[in-house]
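The structure under discussion appears below in the form of structure tokens.
Below, chains carry the letters A, B, ... as their sequence lines are ordered, and counting in each starts from 1.
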Protein chains: 2
Amino acid sequence: MTAPAVLAALASPRRQEILRLIWSEERTAGAIHRAMPDVTFGAVSLQLRSLTEAGLAESRAEGRHRFYRARREALGPLGRMLEQMWDDALWRLKLAAELEHTRRGPRPRRRTVKARKG
Amino acid sequence: MTAPAVLAALASPRRQEILRLIWSEERTAGAIHRAMPDVTFGAVSLQLRSLTEAGLAESRAEGRHRFYRARREALGPLGRMLEQMWDDALWRLKLAAELEHTRRGPRPRRRTVKARKG
DNA sequence: ATGATATTTTAGATATAACTAAAATAAAAG
DNA sequence: CTTTTATTTTAGTTATATCTAAAATATCAT
């Protein structure tokens, strides 16, 4: 629940993937796992714990199932940013374009060619 | 410049520390390093590179110095969030309070005490 | 109780990130 | 050219995160 913890939680692509799945509807841990078959159930469970501890997800138990959902309120403006990121492909392009003018370029090419021993 | 890269860049406390230093005024790499003596100059330089590659910082050379500054525009609403985080101690408290009602509690105390072998 | 399903937790392996020390690059000054 | 100051880069180490496999916990059904 410390400030960087929220950002750290969002930093992992895996956790973002999960957050996206539970963004607009709650899902059971199993359903989430089924949506990402390249990883173990245990791994998903651990990430769900991270998200919960960071305050980005919450869960409710029902029988032997546990339903998870995102805590969108806890994210504030960040939530809207994520939504944009997800369904607005332009976001990436815009950022990339903005970067162009800053880039230090592909190896500025040294001007003074000093003698090398050997 | 990929989307999670921005968040990943912000996730590290070290990079946040640096970003904060260059938020409202540009500083040389050396000045930044002097502000965090627990770490090597080389380490600071690497983090500056990360920030630059993520689009969160930019630099200009002047003689043998290099001045760094944050690219606040690139962060959008996230920038304002960071500012709040930094000079508004309430942010942390508010988030912590919000979390209270979600917490799965400190070990829910098992009800059925099953026999253990041994 | 026993067995099946759903999920969490633990211990240990592997991948990724961050750091250090030293070498390399670059500009300024002698 | 040599030395000094400022910074970057590289190679290798250490720390942290993430994953797997197996065991543990919990609920439901029989």
Side-chain angles (χ1 to χ4, degrees), chain A residues 4-5 7-18 22 26-54 57 59-68 104-118, chain B residues 4-5 7-18 22 26-54 57 59-68 104-118:
Chain A
L7 294 166
L10 288 175
S12 144
R14 183 71 69 190
R15 280 190 296 269
Q16 271 201 38
E17 198 183 353
I18 293 176
I22 60 175
E26 62 178 11
R27 288 180 203 272
T28 66
I32 295 165
H33 174 227
R34 259 168 262 129
M36 36 182 77
D38 57 316
V39 89
T40 302
F41 200 161
V44 171
S45 186
L46 287 171
Q47 297 290 32
L48 283 169
R49 178 156 70 160
S50 295
L51 285 168
T52 303
E53 281 172 354
S59 63
R60 106 192 133 80
E62 190 181 301
R64 40 186 163 177
H65 293 279
R66 184 172 280 275
F67 287 88
Y68 283 88
R104 287 226 305 301
R107 270 182 264 154
R109 210 147 54 319
R110 55 180 87 109
R111 262 178 298 173
T112 56
V113 184
K114 278 197 167 180
R116 260 189 284 175
K117 78 173 178 185
Chain B
L7 294 167
L10 289 176
S12 141
R14 184 71 70 191
R15 281 191 296 270
Q16 271 199 38
E17 197 183 353
I18 293 177
I22 60 176
E26 61 179 12
R27 288 179 203 271
T28 66
I32 294 165
H33 175 227
R34 259 169 263 128
M36 37 184 77
D38 58 317
V39 90
T40 302
F41 200 160
V44 170
S45 186
L46 287 171
Q47 297 289 30
L48 283 169
R49 178 155 71 159
S50 294
L51 284 168
T52 303
E53 282 172 355
S59 62
R60 103 192 137 79
E62 190 182 301
R64 41 187 163 174
H65 293 279
R66 185 172 279 275
F67 287 86
Y68 283 88
R104 285 224 306 304
R107 272 182 263 153
R109 221 189 317 38
R110 55 180 89 109
R111 260 178 297 171
T112 56
V113 182
K114 278 195 167 178
R116 261 191 283 175
K117 78 173 178 185

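Distance check, rounded to the nearest 0.5 Å: CZ of B/Arg27 to CG of B/Leu48 gives 12.0 Å. The OG atom of A/Ser59 lies 11.0 Å from the CG atom of A/Leu51; values are rounded to the nearest 0.5 Å. Rounding to the nearest 0.5 Å places OH of A/Tyr68 at 9.5 Å from CZ of A/Arg49. A/Ile22 contributes atom CD1, which lies 12.0 Å from atom CD of A/Glu17 (distance to the nearest 0.5 angstrom).
Among residues two or more places apart in sequence or in another chain, the side chain to side chain contact (heavy atoms under 4.5 Å, CB included) test is passed with A/Phe67 by A/Glu26, A/Thr28, A/Arg60, A/Glu62, A/His65.
If you check residues 32-45 of chain A against DNA chain C, the residues with a heavy atom closer than 4.0 Å are A/Phe41, A/Gly42, A/Ser45, listed by number.
Atom CD1 in A/Ile18 sits about 13 Å away from atom P in C/dT7, given to the nearest Å. A/Glu53 has its CD atom 12 Å from the P atom of C/dT8, to the nearest Å.
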Under 3.5 Å, N/O pairs linking protein and nucleotides 12-18 of chain D:
from: D/dT18; atom 1: OP1; to: A/Arg15; atom 2: NH1; distance (Å): 3.4
from: D/dT18; atom 1: OP1; to: A/Arg15; atom 2: NH2; distance (Å): 3.3
from: D/dT18; atom 1: OP2; to: A/Arg15; atom 2: NH1; distance (Å): 3.0

Give every pair of a protein N or O atom and an N or O atom of nucleotides 28-30 of chain C that lie under 3.5 Å apart, one pair per line with the distance.
none

Between the protein and nucleotides 11-16 of chain C, which nitrogen or oxygen pairs are less than 3.5 angstrom apart?
none

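The side-chain hydrogen bond (donor to acceptor under 3.5 Å, both in side chains) pairs that include a residue from residues 38-48 of chain A are A/Arg14-A/Asp38, A/Arg15-A/Gln47, where partners are two or more places apart or lie in different chains.
Closest heavy-atom contact between B/Ala8 and A/Ala11: CA-CB, 3.6 Å. When all heavy atoms of B/Val44 and B/Ile32 are compared, the closest pair comes out as CG1-CG2, 3.8 Å. Heavy atoms only, all atoms of each residue included: B/Leu10 and B/Gln16 are closest at O-NE2, 2.9 Å.
For the pair A/Tyr68 and C/dA6, the criterion of a side-chain N or O lying under 4.0 Å from OP1 or OP2 is not met. Regarding contacts with the backbone of C/dT9, a side-chain N or O of A/Arg49 is found under 4.0 angstrom from either OP1 or OP2. Within the 4.0 Å cut-off from OP1 or OP2 of C/dT7, at least one side-chain nitrogen or oxygen of A/His65 is found.
Although no hydrogens or angles enter the test, the distance criterion places a donor-acceptor pair under 3.5 Å between the side chain of A/His33 and the main chain of A/Val39.
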